[in-house]
Q: 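Following this message is one structure expressed as structure tokens.
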Amino acid sequence: MVGGFVLALPVILYQVVRFVAPGLMPGERRYLFLFMPGALLAFFCGLAFAYFVLTPRAIPFLLTFGGDVAQTQIRISNLVDVMLRLLLWMGLAFETPVLMYLLAQLGIVSSRMFSRFRKYWVVIAFILGAIITPTFDPLNQTLVAAPLLALYEIGIFLAWLAGRARQREGNEIASLPEGQ
């Protein structure tokens, strides 16, 4: 089921956007349609990170854990389930900067608000690292939390850029003569 969701995500995202778009203002609709390619790219970067970085470290740990006490017997369905969940959650986690940029572009939050939330995000990143990773060793949890922290910082920078663009648009509108 998770694999189907991962494969169908582009279509699901398109359908969600088509559902939400009629209720948005023209400017908001434009941001939403520009948001889609970035969201898909971020999701696939998360999939690639999980597949090429996390999986090679997590699977050997899972297969050798407790090897001195008992022989590991794993079913392929369990392995596929762990892999798909890891891929899905890391793909969604990599959406963080895109979502932060969209929220800042719409004027809902600012980079300053995200900066004030930074200390809480460190704790949240390590909690998510403990939840997302299939193992309980600190190395794999840190391998999940470190990109989440980096992505949050990238999101703060993107929110700052969005705030500057909104401010520039506001200044241009304010400088127009009254009748225009």
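For clarity, every value in this text was computed on a predicted model and none was experimentally measured. FYI, side chains are in, hydrogens and waters are out, and symmetry mates aren't considered; it's all heavy atoms of this structure.
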Q: Are the aromatic ring centres of F49 and F94 under 6.0 angstrom apart?
A: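 Yes.
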Q: Ignoring hydrogens and geometry, is there a side-chain-to-backbone donor-acceptor pair from W121 to L148 under 3.5 Å?
A: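 Pair found, side chain donor or acceptor close to backbone of L148.
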Q: With ring centroids as reference points, do Y120 and F117 lie under 6.0 angstrom apart?
A: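 Yes, ring centres under 6.0 Å apart.
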Q: Show your reasoning for whether side chain to side chain contact (heavy atoms under 4.5 Å, CB included) applies to M90 and L47.
A: CA-CA 6 Å; M90 285 308 295; L47 292 179; over 6 Å; no
Q: For side chain to side chain contact (heavy atoms under 4.5 Å, CB included), just list the numbers for T133 and L54, CA-CA rounded to whole Å, side-chain angles, deciding distance to a tenth of an Å, and then say yes or no.
A: CA-CA 8 Å; T133 187; L54 293 180; over 6 Å; no
Q: Around atom OH of Y14, are there more than 12 heavy atoms of other residues, nucleotides or ligands at under 6.0 Å?
A: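 No, the 6.0 Å shell around OH holds no more than 12 heavy atoms from other groups.
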Q: Listed by chain and number, what are the side chain to side chain contact (heavy atoms under 4.5 Å, CB included) partners of T142, not counting sequence neighbours?
A: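 By the side chain to side chain contact (heavy atoms under 4.5 Å, CB included) rule, T142 matches F126.
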Q: What residues, two or more places apart in sequence or in another chain, satisfy ring-ring contact (aromatic ring centres under 6.0 Å, His included) together with F35?
A: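 ring-ring contact (aromatic ring centres under 6.0 Å, His included) list for F35, sorted by chain: empty.
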Q: Which heavy atom of I156 sits nearest to which heavy atom of S115, and what is that distance?
A: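 Looking at all heavy atoms of both residues, the closest pair is CG2-OG, 3.7 Å.
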Q: Any chance you could pull the hydrophobic cluster mates of L41, using side-chain heavy atoms under 4.5 angstrom and chaining through other members?
A: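 Listed partners: none, L41 stands alone.
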Q: R112: which residues meet the salt bridge (Lys or Arg N to Asp or Glu O under 4.0 Å) condition with it, sequence neighbours left out?
A: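 For R112 there are no salt bridge (Lys or Arg N to Asp or Glu O under 4.0 Å) partners, ignoring immediate neighbours.
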Q: Residues two or more places apart in sequence or in another chain: which of them pass ring-ring contact (aromatic ring centres under 6.0 Å, His included) with F19?
A: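 Residues passing ring-ring contact (aromatic ring centres under 6.0 Å, His included) with F19: none at all.
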Q: Rounded to the nearest 0.5 Å, what separates atom CG in L92 from atom CG in L99?
A: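 Nearest 0.5 Å value for the CG-CG distance: 11.0 Å.
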Q: Running the 4.5 Å side-chain criterion over Ile, Leu, Val, Met, Phe, Trp and Tyr, what cluster does V123 land in, apart from itself?
A: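 Result for V123 is I127, I131.
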Q: Would you check if L128 and V144 make a side-chain contact, meaning some heavy-atom pair closer than 4.5 Å?
A: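 The answer is no; the side chains never approach within 4.5 Å.
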Q: Could you tell me whether the side chain of E95 and the main chain of A42 form a donor-acceptor pair under 3.5 Å?
A: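 Flag not set: sc E95 to bb A42 has no pair under 3.5 Å.
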